[in-house]
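First up is the structure itself, then whatever we jot down about it.
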Amino acid sequence: MVLKVYNSLTNKLENFEPIQARKVSMYVCGPTVYNYIHVGNARSVVAFDTIRRYFEYLGYDVNYVSNFTDVDDKMIKAVAEQGITVSELADKFIKAYFEDTKALNVEPATKNPRATDNIADIIAFVSDLIDKGYAYSVDGNVYYRARKFKTYGELGHEDLDTLESGASQHVSKEELKQKEDPIDFALWKAAKSGEISWDSPWGKGRPGWHIECSVMSTKYLGDNFDIHGGGIDLEFPHHENERAQSEAKTGEKFVNYWLHNGFVTVGDDDEKMSKSLGNFVTVHDLLQKVDPEVLRFMMSTTQYRRPVHFSQAGINEAATNLNKIQTAYRNLDYRLQDADADNDPKVDQEVRQIQADFQDAMDDDFNVQNGITEVYELAKLGNVYSERPVVFADTIKLIMQRLQQLTSIFGVDLKIGSFNDQEVENLIEERNQARADKNFARSDEIRDELKEQGIILEDTPQGTRFRRENKV
RNA sequence: GGCGGUAUAGCCAAGUGGUAAGGCAGAGGUCUGCAAAACCUUUAUCGUCGGUUCAAAUCCGACUACCGCCUCCA
């Protein structure tokens, strides 16, 4: 089966055809770094990391670029309140971003460019748009002539005339006076006194929001690249504007496939989690309590276009399901000690079939829900196999290897012996002696004590083993 | 107002024409000293109304509810 992706530009499922064979270039809009990322931000990061990992699973070499918006109105406001510089604020939260996303097992991007490191390129880009007649400067501001870009509105599926009336309610009077047309948007903003600024042909100022992504994506990925991703809220106007800017400048098609992830929602009526609504939970805070693996699993096992409802029940369910897979993996590993050195061709064939089904599911616009179902199938196959009286090592290893391979796409690293604890080992030994002596009061006491610490004991025909419970 | 999305069992959720995948929770069972884990069995007619069809959750029409974008937002 061919990989199909849903292109937001056409609102259709399309066969994925890379610009260069075996290579994927993708740009994903990153956060504005004035706070810790919240669960909604993380969802986007995780969604595209999962997509990237699937491309890599398929054998693609992925060039993955994701930016940091490190100067804008909110940054400036926060800086004024906190009495620090814009770059200090940015540095702090970029560092936090890397900590949080690393915990969520997000692969590092090939490149994480910052807007403020690309000011010269941004100025050159804006100048070029002015030269081409797509932009004009007014009192130190530069605006893009949206209507001049013939397909403006196509990505957001918006009609320009209805847009105009909608937009006019929200644009400040001052800005409206300067603009030739209310739908025009800022490429460069003149600095107010005391604000961070850079010199430009139009006076001191700073880049508008949309321009940085046009500049950095084409700079690092070329004028035309495969995939551009981000939250669905960015489709219009942010991505619309990026597209207008980039195609006006280069005269080439900017992006081949636009992918947009759905929101994280909260509450009974599924409200969007967002900073402006104030209903957000930062990853930084959440990870004090919940295992990062659980959070990662919860987010990456929902298809990227679907909303993720954020709730304790959802976290619990993710923990249970993750545990199911982890347990199957451990069950298999446990039987390796008494396995015969051989394989079972019939089971091996079943494993391959599950993997093929998995791939079919994922090829359908990264349908992770059907994909994870196949992983559960594989886990069950493993569990059933583990209970056979006679097992073969090569088959066990095959199942384990495939479990690991498939779950890694979701950002889960299956491993054995995640921790060593002599004290626990000693208690297990004591408990086994108590059990042998039929002193079940003592043996149960030990088991309860360990459970208090989040350590679960399991007695199996091959002996007693222990695991740590996932925190939720 | 314009545009877009969603609506399937207690919960999460697959499924785009042939009589509803999977997971969680629940019930029963096997295993266990008891557990845990695992395995087996078991639980829906698909928001409402109408239409097309031999046949619809799946196509068409109307409606309802919720969410989102049009302003900063992943």
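Numbers restart at 1 for each chain; the letters A, B, ... are given by sequence-line order, proteins then strands. Since we're looking at a predicted model, the values are computed, not measured.
A/Y34 pairs by the ring-ring contact (aromatic ring centres under 6.0 Å, His included) definition with nothing, not counting sequence neighbours. Residues that satisfy the side-chain hydrogen bond (donor to acceptor under 3.5 Å, both in side chains) test with A/T10, not counting sequence neighbours, are A/E14. With sequence neighbours excluded, the residues that form a ring-ring contact (aromatic ring centres under 6.0 Å, His included) with A/H260 are A/H239. The side-chain hydrogen bond (donor to acceptor under 3.5 Å, both in side chains) check on A/Q312 picks up A/K289, A/N316, with sequence neighbours excluded. Looking at residues two or more places apart in sequence or on another chain, you find a side chain to side chain contact (heavy atoms under 4.5 Å, CB included) between A/V126 and A/I122, A/I130, A/V142, A/L187, A/W202, A/I211. Partners of A/S25 by side chain to side chain contact (heavy atoms under 4.5 Å, CB included), not counting sequence neighbours, listed by chain and number: A/L221, A/F225, A/D226. Judged as a side chain to side chain contact (heavy atoms under 4.5 Å, CB included), and not counting sequence neighbours, the contacts of A/A190 are A/N141. For A/D270, there are no salt bridge (Lys or Arg N to Asp or Glu O under 4.0 Å) partners two or more places apart in sequence or in a different chain.
One side chain, A/T327 or A/R330, offers a donor N or O that lies under 3.5 Å from an acceptor on the other. Between the side chains of A/N112 and A/Y97, no donor-acceptor pair of N or O atoms lies under 3.5 Å. For the residue pair A/N370 and A/Q303, no side-chain donor N or O sits within less than 3.5 Å of a side-chain acceptor on the partner. A/N331 and A/Y385 are not linked by any side-chain donor-acceptor pair at a separation below 3.5 angstrom, with hydrogens and angles left out of the test. Counted by atom type alone, A/E430 and A/N426 present zero donor-acceptor pairs between their side chains at under 3.5 Å. Between the side chains of A/D437 and A/Q433, at least one donor N or O sits under 3.5 Å from an acceptor N or O.
Counting non-hydrogen atoms under 4.0 angstrom, A/G230 reaches the backbone sugars and phosphates but no base. Contacts of A/D159 with the nucleic acid, taken as non-hydrogen atoms under 4.0 Å apart, are absent. If you check every strand for non-hydrogen atoms under 4.0 Å, A/H260 touches nothing. Nucleic acid contact for A/V28: none, since no nucleic acid atom lies under 4.0 Å from a heavy atom of the residue. Among the atoms of the strands shown, base atoms are found under 4.0 Å from some heavy atom of A/N370. Contacts of A/L457 with the nucleic acid, taken as non-hydrogen atoms under 4.0 Å apart, include base atoms. Using a 4.0 Å heavy-atom distance criterion, A/K380 is classed as a sugar-phosphate-only contact. Residue A/F48 is out of contact with every strand shown, counting any heavy-atom pair closer than 4.0 Å. If you check every strand for non-hydrogen atoms under 4.0 Å, A/G314 touches nothing.
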Please list, pair by pair, any protein nitrogen or oxygen found under 3.5 Å from a nitrogen or oxygen in nucleotides 3-11 of chain B.
residue	atom	partner	partner atom	Å
B/C3	O2'	A/H157	O	3.1

Just the atom pairs and distances: protein N or O near nucleotides 27-34 of chain B's N or O, under 3.5 Å.
residue	atom	partner	partner atom	Å
B/G33	O6	A/R435	NE	3.3
B/G33	N1	A/D444	OD1	2.9
B/G33	N2	A/D444	OD1	3.4
B/G33	N2	A/D444	OD2	2.8
B/C34	O2	A/R447	NH2	2.6
B/C34	N3	A/R447	NH1	2.8
B/C34	N3	A/R447	NH2	3.3
B/C34	N4	A/D459	OD2	3.1

Write down the protein N/O and nucleotide N/O pairs, taken from nucleotides 41-45 of chain B, whose separation is under 3.5 Å; answer none if there are no such pairs.
none

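With both ends at atom C1', the span from B/U71 to B/G2 equals 16 Å, rounded to whole Å. Distance noted for atom P between B/U48 and B/C11: 15 Å (whole Å). Taking the P atom of each, B/A36 and B/A25 are spaced 12 Å apart, rounded to whole Å. Spacing between B/C60 and B/A7 at atom P, rounded to whole Å, works out to 15 Å. Annotation: B/A13 and B/G18 have their P atoms spaced 24 Å apart (nearest Å). Straight-line distance between the P atoms of B/U30 and B/G10: roughly 29 Å, to the nearest whole Å. Comparing the P positions of B/C24 and B/U41 gives an interatomic distance of 14 Å, to the nearest angstrom.
Nearest nucleotide to the side chain of A/K272, out of B/C72, B/C69, B/G15: B/C69.
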For this session: Dump the intermediate steps for side-chain contact (heavy atoms from CB on, under 4.5 Å) on A/Y329 and A/I399, then the final yes or no.
Result: CA-CA 8 Å; A/Y329 191 72; A/I399 302 172; over 6 Å; no
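For the pair A/R335 CZ and B/A38 P, the interatomic distance rounds to 16 Å; values are reported in whole Å. One atom, CG of A/N279, and another, C1' of B/C67, lie 13 Å apart when rounded to the nearest Å.
Taking side-chain N and O atoms only, A/N41 has a distance below 4.0 Å to OP1 or OP2 of B/A74. Dashed line: the shortest gap from a side-chain N or O of A/Q369 to OP1 or OP2 of B/A14 is under 4.0 Å. The side chain of A/N383 contributes an N or O atom lying less than 4.0 Å from OP1 or OP2 of B/C39.
Of all the residues in residues 318-330 of chain A, A/T320, A/N321, A/K324, A/T327 reach under 4.0 Å from RNA chain B with at least one non-hydrogen atom.
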